[in-house]
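Both backbone and side-chain heavy atoms feed into the values below; hydrogens, waters and symmetry mates do not. Protein chains get the first letters and strands the later ones, always in sequence-line order, with residue 1 at the start of each.
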2 protein chains.
Amino acid sequence: MPGATVDPVGPNRHSAWVEHAIAALADAGYQRGGARLAVIELLARQGCAMTAIEIDDRLRATDQGIGRASVYRTLEQLEELKLVHRLEMGRGMASYERIEPSGEHHHHVVCEKCGRVEPFEDPGLERAIGRLQGRVGFEVSEHEVVLRGRCPRCA
Amino acid sequence: MPGATVDPVGPNRHSAWVEHAIAALADAGYQRGGARLAVIELLARQGCAMTAIEIDDRLRATDQGIGRASVYRTLEQLEELKLVHRLEMGRGMASYERIEPSGEHHHHVVCEKCGRVEPFEDPGLERAIGRLQGRVGFEVSEHEVVLRGRCPRCA
DNA sequence: CGCTGGAATGAGAACAAGTCTCATTCTCTT
DNA sequence: AAGAGAATGAGACTTGTTCTCATTCCAGCG
C-alpha cells in the first residue's frame with residue numbers, strides 16, 4: 001500500500017471495528033450481505049449512541065434503500081455478539097453504540113428538557129462498579145450509568 | 001385511635017410515602033381522585049420497581065376497574081413531582097418506583113436471560129457518582145445504574 | 001462460468017406499549 | 001344543592017419494533 005501511511009486518523013478511524021465486527025459475524029456463521037454491512041459502517045462512524053430510528057432513517061435515505069427489517073435484525077445480531085450495546089435512555093426507544101474490543105467505554109448524561117445526550121467517562125466510577133461485582137449475587141457482564149439533569153443550554 | 005400503636009411495621013409501613021405524595025399533589029394544585037389514589041397506594045406497597053403494564057393490569061382487575069389513561073396520567077404526574085422514578089430496564093417498557101423523601105435509594109441488577117430484577121445499594125458507588133457531578137457540564141438531578149448479567153438460577 | 005440451496009433482504013402487515021380524545025362522573029367551593 | 005372545573009375511563013390512535021414471506025443474493029460445486 002504505497003503512500004498509505006499518511007493520516008491514520010480520519011473518517012475511517014474506526015475501520016478496525018468494522019473488521020472486528022465482520023470477523024465476528026463470519027465466525028458466528030453469518031454470510032455477508034450489503035444491508036448488514038451498511039449498518040456496521042454507519043455505527044463505525046458514530047462517536048456516541050444513535051437511536052434505531054435514526055439509523056433506519058439514514059439508511060433508508062441511502063440509494064441502497066435499506067429495509068427496516070434488515071436494520072433491526074442486524075442490530076439484534078450485533079447485540080447478541082456483543083458488538084454493540086443497546087441503551088434505553090429516552091422515552092421508550094433504543095439507542096445503539098459500538099463496543100470497543102479494548103473494553104474502553106463511556107456513560108451518558110441526558111438532558112431531561114431537550115433530550116440531548118453527552119458521553120462522559122470516569123475511572124473512579126468504573127472502579128466503584130468493579131468493586132461491586134462480587135457483592136451482588138449476579139454474574140455481571142455489563143453495566144450502564146445514566147445521569148439526568150439540565151444541559152447548560154436548558155439550565 | 002385506640003390500640004393503634006401495635007405493629008407500626010406491616011403492610012402499611014410505607015403509608016408515610018402515601019401521605020407525602022398526597023400532600024405534594026395537593027400543593028401542586030391537584031384535586032383528589034380515586035384512580036390516582038389507587039396508583040399511589042399500589043406503588044406504596046412495592047419493594048422495588050414495577051412495570052407500567054403490571055400496574056395497569058393490577059388496577060384494572062380491581063373492582064374499581066381503573067382505566068389505562070388514568071394509570072399513565074398519574075404515573076406521569078408523579079414523575080413530574082419527583083414522587084416516583086421512571087426506569088427503563090427491559091425491552092422497551094417503563095418501570096416505576098417511589099422516591100423516598102429521605103433520598104435513600106437503590107439501583108438494579110437485571111438478568112439478561114430471564115429478566116429478573118433485583119435491587120442493590122452501595123455507598124461507594126454513590127460517592128463516585130457524587131464526585132462526578134461537577135465534572136460533567138450538566139446540572140445533574142438524578143442518576144441510574146443498571147448492572148446486567150446472569151442471575152444465580154440462569155448462570 | 002452457470003447452478004443451486006440456503007442465507008440475506010425488504011415491503012408491508014402485525015404487534016405492543018403508550019398517548020390522546022372526549023363524554024361522563026366526581027370534588028370542591030359557595 | 002348547584003355550578004365550575006378537575007378527574008376519570010372507553011376506546012381510537014400513534015409510534016417503535018417485530019414478524020412474515022416472497023424475492024434477491026452469496027458461496028461452494030460441477
Exercise. If you measure only the distance, is there a donor-acceptor pair under 3.5 Å linking the side chains of Glu126(A) and His105(A)?
Worked result: yes

For this session: Check whether any side-chain nitrogen or oxygen of Tyr72(B) sits under 4.0 Å from OP1 or OP2 of dG18(C), and answer yes or no.
Result: yes

Rounding to a whole Å, what distance do you find between [X]:[atom1] and [N]:[atom2]?
{"X": "Glu76(A)", "N": "dA8(C)", "atom1": "CD", "atom2": "P", "answer": "13 Å"}
{"X": "Leu75(B)", "N": "dC20(C)", "atom1": "CG", "atom2": "P", "answer": "14 Å"}
{"X": "Glu80(A)", "N": "dT18(D)", "atom1": "CD", "atom2": "C1'", "answer": "16 Å"}
{"X": "Gln77(A)", "N": "dA8(C)", "atom1": "CD", "atom2": "C1'", "answer": "9 Å"}
{"X": "Ile53(A)", "N": "dT18(D)", "atom1": "CD1", "atom2": "P", "answer": "11 Å"}
{"X": "Met93(B)", "N": "dT18(D)", "atom1": "CE", "atom2": "C1'", "answer": "15 Å"}
{"X": "Ile66(B)", "N": "dG11(D)", "atom1": "CD1", "atom2": "P", "answer": "17 Å"}
{"X": "Glu88(A)", "N": "dG18(C)", "atom1": "CD", "atom2": "C1'", "answer": "14 Å"}

Measure from the side-chain heavy atoms of [X] and tell me the nearest of [options].
{"X": "Ser70(A)", "options": "dT8(D), dT9(C), dG18(C)", "answer": "dT9(C)"}
{"X": "Arg73(B)", "options": "dG9(D), dT17(D), dG10(C)", "answer": "dG9(D)"}
{"X": "Ala35(B)", "options": "dA27(D), dG18(C), dG9(D)", "answer": "dG9(D)"}
{"X": "Arg32(A)", "options": "dA7(D), dT27(C), dC26(D)", "answer": "dC26(D)"}

Problem set entry | Side-chain ion pair, Glu79(A) and Arg91(B), N-O less than 4.0 Å | yes

Exercise. Would the number of heavy atoms belonging to other residues, nucleotides or ligands and lying under 6.0 Å from CZ of Arg60(A) be above 12?
Worked result: yes

For this session: Considering non-hydrogen atoms only, spot the tightest contact between Met89(A) and Ala49(A) and give its length.
Result: CE-CB, 4.2 Å

Exercise. For Arg150(A) and Ala155(A), which heavy atoms make the closest approach, and how far apart are they?
Worked result: CB-CA, 3.7 Å

Problem set entry | 5′-ward residue of the pair Gly65(B)/Ala52(A) relative to DNA chain D | Gly65(B)

For this session: Remember a base hit wins even if backbone is also touched, and classify Ala69(B) as base, sugar-phosphate or nothing at under 4.0 Å, heavy atoms.
Result: base

Exercise. Using a cut-off of 4.0 Å on non-hydrogen atoms, how would the nucleic acid contact of Arg36(A) be classed: base, sugar-phosphate, or nothing?
Worked result: sugar-phosphate

For this session: Check whether the side chain of Arg91(A) and the base of dG16(D) form a donor-acceptor pair under 3.5 Å.
Result: no

Exercise. Taking for each residue the nucleotide of DNA chain C bearing the nearest heavy atom, is the 5' side occupied by Arg68(B) or by Arg60(A)?
Worked result: Arg60(A)

